[in-house]
Amino acid sequence: MATERAGTWLPEAGKLELGSCCGPRMLSPERLALTDYEYLAQRHVLTYMEDAVCQLLENKEDISQYGIARFFTEYFNSVCQGTHVLFREFSFIQATPHNRASFLRAFWRCFRTVGKNGDLLTMKEYHCLLQLLCPDFPLELTQKAARIVLMDDAMDCLMSFSDFLFAFQIQFYYSEFLESVAAIYQDLLSGRNPNTVIVPTSSSGQHRQRPALGEASMLEGVEASLFYQCLENLCDRHKYSCPPPALVKEVLSNVQRLTFYGFLVALSKHHGINQALGALPDKGDLMHDPAMDEELERLVVRSRLHRTSRQHRAQEPGTFGFHRRDKLEALERVPSASAPTPSPYRWEPRE
């Protein structure tokens, strides 16, 4: 939902639909069938209204100078543009799917030069970058993202920006889903699943006994078809964000067995899942952001002009032939220039 455009109002639908990073979305018949309250809950409108009112009350003295209507206009424009999550508390940036996507996009745009320069950073250094945008960002999430990249390697190993970013995207955006996936994986690995399962790939509907407790833990990971069957049910049962089931099935259909972190790596590298999430560009375009490059170039030029102007003013001759810089240094050596001369007059209260 992070977009540079405001929401699109569709008169025939009577609803406001915020677009994705790739542009506004058309309202599907399923969404049109929602009641007003269901729509507001699905789009988390009340979350933004509550946050807007809280900010209004906290800054009412400053806001009163230019009006409440202008404040709400700028607030919701910021929500649509995805800049509303900058420097906010973690509880807010993870409150809605749109906030999460906006934070991912902001992190990419702010620190894209790390990858462009080819710098490799440690997990702690990436966590410091995250804290520049969200001061209370939890270390645990950063560690989990780094573990997807490093697997069994030491956590102080260096990682490229692109590897960390796509792993972080999966871990951050789908954090609740992955917690449930980890629990399911452990259950399957330890044998805490039904004794008899139907193999989805079997056309005859034959039954297969799952490995006994202890036998599964000795094998490499779990059976992919059984794992997908559990994840499919998980997606149906829960309302929080999860990858599209069809893409999850595509990931798991290429292997017979896999480990939990093997599954996470496959998710982080899947082109379709990245597109479905819509926060980041494709890996090939990760270092390209023409709009940001143009803005940075303007800032660099402005900084150079400002520095040149200051140097020029410092070298201009003063009234008595001093350069400004020499004049300042001379004034600092004069006692009366750095400290005011005590006045001979002293005020005393009248008796």
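Values in this document were obtained by computation on a predicted structure and should not be read as measured data. By convention here, the first residue in the shown sequence is residue 1.
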Taking it one step at a time, do Leu258 and Val251 satisfy side chain to side chain contact (heavy atoms under 4.5 Å, CB included)? CA-CA 11 Å; Leu258 82 167; Val251 169; 5.6 Å; no
For Phe227 and Phe263, what are the C-alpha separation, side-chain angles and deciding distance, and is it a ring-ring contact (aromatic ring centres under 6.0 Å, His included)? CA-CA 10 Å; Phe227 192 40; Phe263 174 66; 5.3 Å; yes
ring-ring contact (aromatic ring centres under 6.0 Å, His included) assessment of Phe137 paired with Phe103: CA-CA 11 Å; Phe137 196 91; Phe103 185 78; 5.7 Å; yes
Test salt bridge (Lys or Arg N to Asp or Glu O under 4.0 Å) on Arg100 and Glu176; report intermediate values, then the result. CA-CA 13 Å; Arg100 299 187 188 197; Glu176 294 88 355; 2.7 Å; yes
Going through the checks in order, is the side chain to side chain contact (heavy atoms under 4.5 Å, CB included) test met by Tyr185 and Leu188? CA-CA 5 Å; Tyr185 179 83; Leu188 291 175; 5.8 Å; no
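Closest heavy-atom contact between Thr142 and His127: OG1-ND1, 2.9 Å. A pairwise comparison of heavy atoms in Leu141 and Phe172 identifies CD1-CD1, 4.0 Å as the closest pair. Across all non-hydrogen atoms, the minimal contact from Gln169 to Ala279 is OE1-CB, 4.1 Å. Shortest non-hydrogen contact noted between Leu280 and Asn274 is O-ND2, 3.4 Å. Heavy-atom minimum distance, Phe177 versus Cys242: CD1-CB, 3.4 Å.
Ring to ring, Phe168 and Tyr173 are not that close: their centroids are 6.0 angstrom or more apart.
More than 12 heavy atoms of other residues, nucleotides or ligands lie within 6.0 Å of OH in Tyr66, so this atom counts as buried by the packing criterion. For Ile68, the CD1 atom sits in a loose shell: 12 or fewer heavy atoms of surrounding residues, nucleotides or ligands are nearer than 6.0 Å.
Tracing side-chain contacts under 4.5 Å through hydrophobic residues (I, L, V, M, F, W, Y), one never reaches Leu286 starting from Leu120; they form parts of separate clusters. The hydrophobic clustering, which links ILVMFWY residues whose side-chain heavy atoms are closer than 4.5 Å, places Tyr37 and Val45 apart.
Annotation: the span from Ile63 atom CD1 to Leu56 atom CG amounts to 4.5 Å, rounded to 0.5 Å.
Listed for the Asn117 side chain is a donor-acceptor partner under 3.5 Å among the backbone atoms of Thr113.
Counting heavy atoms from C-beta outward, Leu178 and Gln171 have side chains that approach closer than 4.5 Å. Under the 4.5 Å side-chain criterion, counting only non-hydrogen atoms from C-beta, Leu158 is not in contact with Leu121. Proximity of Pro97 to His44: side-chain heavy atoms (C-beta onward) are separated by under 4.5 Å at one or more points. Counting heavy atoms from C-beta outward, Tyr48 and His98 have side chains that approach closer than 4.5 Å.
Relative ring orientation between Phe72 and Phe76 is described as parallel, the plane-to-plane angle staying below 30° on a 0-90° scale split at 30° and 60°.
Residues Gln55 and Asn59 bring no donor and acceptor atom of their side chains to less than 3.5 Å of each other. A donor atom on one side chain and an acceptor atom on the other are found under 3.5 Å apart for His84 and Asn99. Checking His270 against Glu250 by side-chain atom types alone, a donor-acceptor pair falls below 3.5 Å.
If you run side-chain contact (heavy atoms from CB on, under 4.5 Å) between Thr96 and each of Val85, Thr47, Val79, only Thr47 comes through.
At a threshold of 4.0 Å, the pair Lys283-Asp163 counts as salt-bridged, since one of the basic side-chain nitrogens sits closer than that to a carboxylate oxygen. Looking at Lys124 and Asp156, no side-chain N of the basic residue comes within less than 4.0 Å of a carboxylate O on the acidic one, giving no salt bridge.
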